[in-house]
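Here's the structure we're looking at; comments come further down.
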There are 2 protein chains.
Amino acid sequence: MTEQAATPATEEYLAVIYRLSRQAEPVPLALLAEQLGISPISANEMVRKLARAEMVTYRPYEGVTLTEAGRQRAEVMVRRHRLWERLLTDVLGLPWDAVHAEAGRLEHATSDLLERHLAQYLEQPSTCPHGNPIPGQPQRLEGARALSSLATGERGRVLAVVNEDAALLRALGQAGLVPGAELEVVAAEPALGSLAVRVGDRHVALALAAAAQIMVGAPEGQGS
Amino acid sequence: MTEQAATPATEEYLAVIYRLSRQAEPVPLALLAEQLGISPISANEMVRKLARAEMVTYRPYEGVTLTEAGRQRAEVMVRRHRLWERLLTDVLGLPWDAVHAEAGRLEHATSDLLERHLAQYLEQPSTCPHGNPIPGQPQRLEGARALSSLATGERGRVLAVVNEDAALLRALGQAGLVPGAELEVVAAEPALGSLAVRVGDRHVALALAAAAQIMVGAPEGQGS
DNA sequence: TAAAATATTTAGGTATACCTTAATTATAGC
DNA sequence: GCTATAATTAAGGTATACCTAAATATTTTA
């Protein structure tokens, strides 16, 4: 019913490092500072504090890596975050591009007891509404590739949107690029930094930077 | 989607002052400090800061009163608090003596958008699980009396438990003294500081201090 | 390899919200 | 009316988590 861990700020750092670790390991300080919306100097201070507490290891000019203790704490926060996202969309009906910010606040106000009841009510979901895995549940992703790495003619199914930026999510939702959507790459133009895909009978053009945030698996009937 | 107001600490003070105002007006500083679990000196500091912000008026040696602006802000917080209590008990199934503490954290992490969706999903409830009114919804209490003021032989129906202390709520729940329960005062002993009531076919003895926290209305079929 | 561009660290500062100790009130009992 | 009790204020301190400016490293690149 209580929180064993440090402060909301500490929790937030660990959670963000955890998420960014999937894209870059170790996580560069500049990226971390940008994601948290604070100055690199402040990020540096906090990271050194976290290193002293043995939640992360920090190598200057390289980046930050979670220790085992840090990873465990981060997973608790990410789990709570994504459970809230599920409740907010599936039960309370908030739009999928709004729930990341909401859950970002609620996760720090969530006790063990509440987490258990949330997970039970939602029937132990394995992903958030954006398709990202909920730690502590059995996972079956793997074999996922970034949409930006597909060649012309390749087909796939959207598994997750890694970056939960609201503007990006809103646009993807309108384009039908949501978890479960079947797609085919119509034209990949790495040199032009752009990609055209067909989603159902709709055609969508998107920047490679955006496509890099979308994880794709095998199309239906070809499960890995 | 955003919070216009100050800090969580400020919100917490206003909400507690709002709740205590029902029992004592103006609210004595000592009571406020005790409820918040902080020293009277710190409470004094914060109250003077709130007075400077024109959220309360403070008369030394008397107590604190909310201004119109303070009352409005407090009602938002109390509304969010009690909406969460409803969701936590009715939907997620947490015990009624645990939800006050949980909601006390969640209320500060709740946006306007989320509040609207909560209220809509819960179908605009008018009371929290303990029977206390949710501001912003049509109310129909009035005419309620403290159980401690009833004489031997008087009957009534529990409307609300004003004090949401977990230990008290747990005991009342076991005794069946929950909102809606019909009761009869079997023996009122003001001089002994105790009261005996019948709830259904159970008999319960409780201290006057506890009985003072229970609001009672007319028994069934005698609606005011 | 040296200069330019980046990153990091040091130093000093801010605001919030607590705290304790000590001095100064005011209220209430006698 | 005076004194004991209690409440209030003043003064100074702590921790957190930010900030900017300036100094110092380290990479990168030309």
Side-chain angles (χ1 to χ4, degrees), chain A residues 2-17 20 23-65 70 73-74 77 101 104-105 107-109, chain B residues 2-17 20 23-65 70 73-74 77 101 104-105 107-109:
Chain A
T2 46
E3 298 308 333
Q4 65 274 47
T7 64
T10 291
E11 295 176 343
E12 190 61 24
Y13 274 80
L14 295 177
V16 171
I17 294 166
L20 293 177
Q23 302 175 240
E25 167 93 278
V27 178
L29 262 203
L31 184 59
L32 178 59
E34 189 214 308
Q35 279 287 315
L36 288 164
I38 60 175
S39 78
I41 291 120
S42 299
N44 184 281
E45 270 183 359
M46 277 296 279
V47 160
R48 271 149 51 199
K49 200 180 293 181
L50 287 172
R52 246 176 284 131
E54 303 198 325
M55 301 303 271
V56 304
T57 56
Y58 170 48
R59 315 272 296 288
Y61 299 95
E62 294 185 29
V64 196
T65 315
R73 187 69 206 143
M77 299 318 298
R105 287 185 286 269
E107 63 186 297
H108 304 295
Chain B
T2 47
E3 297 309 334
Q4 66 274 45
T7 64
T10 291
E11 295 176 342
E12 190 61 24
Y13 274 80
L14 294 177
V16 171
I17 294 166
L20 292 177
Q23 302 174 240
E25 169 94 276
V27 178
L29 262 202
L31 184 58
L32 178 60
E34 189 214 308
Q35 280 286 314
L36 288 165
I38 60 174
S39 77
I41 291 121
S42 299
N44 184 281
E45 271 182 0
M46 277 296 280
V47 160
R48 269 149 51 197
K49 201 180 293 180
L50 288 172
R52 246 176 284 132
E54 303 198 325
M55 301 302 270
V56 304
T57 55
Y58 171 47
R59 314 273 296 289
Y61 297 95
E62 291 184 32
V64 196
T65 314
R73 188 70 206 143
M77 300 317 298
R105 287 187 286 270
E107 63 185 298
H108 304 295

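Note that these values count all heavy atoms, side chains included, but never hydrogens, waters or copies made by symmetry. Lettering follows sequence order; numbering is per chain, from 1.
The interatomic distance linking L36(B) (CG) with dT16(C) (C1') rounds to 16 Å, in whole Å. Nucleotide dT9(C) holds its C1' atom 15 Å from the NZ atom of K49(A), rounded to whole Å. Rounded to whole Å, the distance from NE2 on H108(A) to P on dA17(D) is 11 Å. For the pair L32(B) CG and dA7(D) C1', the computed distance is 14 Å after rounding to whole Å. Nucleotide dA10(D) holds its P atom 10 Å from the CD atom of E45(B), rounded to whole Å. Across the protein-nucleic acid pair, E11(B) atom CD and dA17(C) atom P stand 10 Å apart, rounded to whole Å. As a whole-Å value, the separation of L31(A) CG from dT8(C) P is 12 Å. The CD1-C1' distance, from I41(A) to dT14(C), rounds to 15 Å in whole Å.
At a cut-off of 3.5 angstrom, the base of dT25(C) holds at least one donor-acceptor pair with the side chain of Y61(B).
Among all heavy-atom pairs drawn from A51(B) and Y58(B), the shortest one is CB-CB, 4.5 Å. Nearest heavy-atom pair, A33(B) versus A43(B), reported as atom, atom and distance to 0.1 Å: CB-CB, 3.8 Å. For V64(B) against E25(B), the heavy-atom pair with the smallest separation is O-OE1, 4.5 Å. In terms of heavy atoms, P8(B) sits closest to H108(B) at O-CE1, 3.6 Å.
Contact check for E12(B) versus T7(B): no side-chain heavy atoms found under the 4.5 Å cut-off.
Side-chain nitrogen and oxygen atoms of T7(B) include at least one within less than 4.0 Å of the OP1 or OP2 phosphate oxygen of dA17(C). Taking side-chain N and O atoms only, N44(B) has no distance below 4.0 Å to OP1 or OP2 of dT8(D). Contact annotation: R48(B) side-chain N/O to dA10(D) OP1/OP2 distance is under 4.0 Å. For Y58(A) and dT9(C), the shortest distance from a side-chain N or O to OP1 or OP2 is below 4.0 Å. Under 4.0 angstrom from either OP1 or OP2 of dA17(C) there lies no side-chain N or O belonging to S42(B).
Across all strands, L29(B) comes closer than 4.0 Å only to sugar-phosphate atoms, never to a base (heavy-atom distances).
Comparing G37(B) and A30(A) along DNA chain C, the residue whose closest nucleotide (by nearest heavy atom) sits nearer the 5' end is A30(A). Both T10(A) and P60(A) lie near DNA chain D, and the one whose nearest nucleotide falls closer to the 5' end is T10(A).
Looking at the side chain of I38(B), the nearest of the listed nucleotides dC18(C), dT8(D), dC18(D) is dC18(C).
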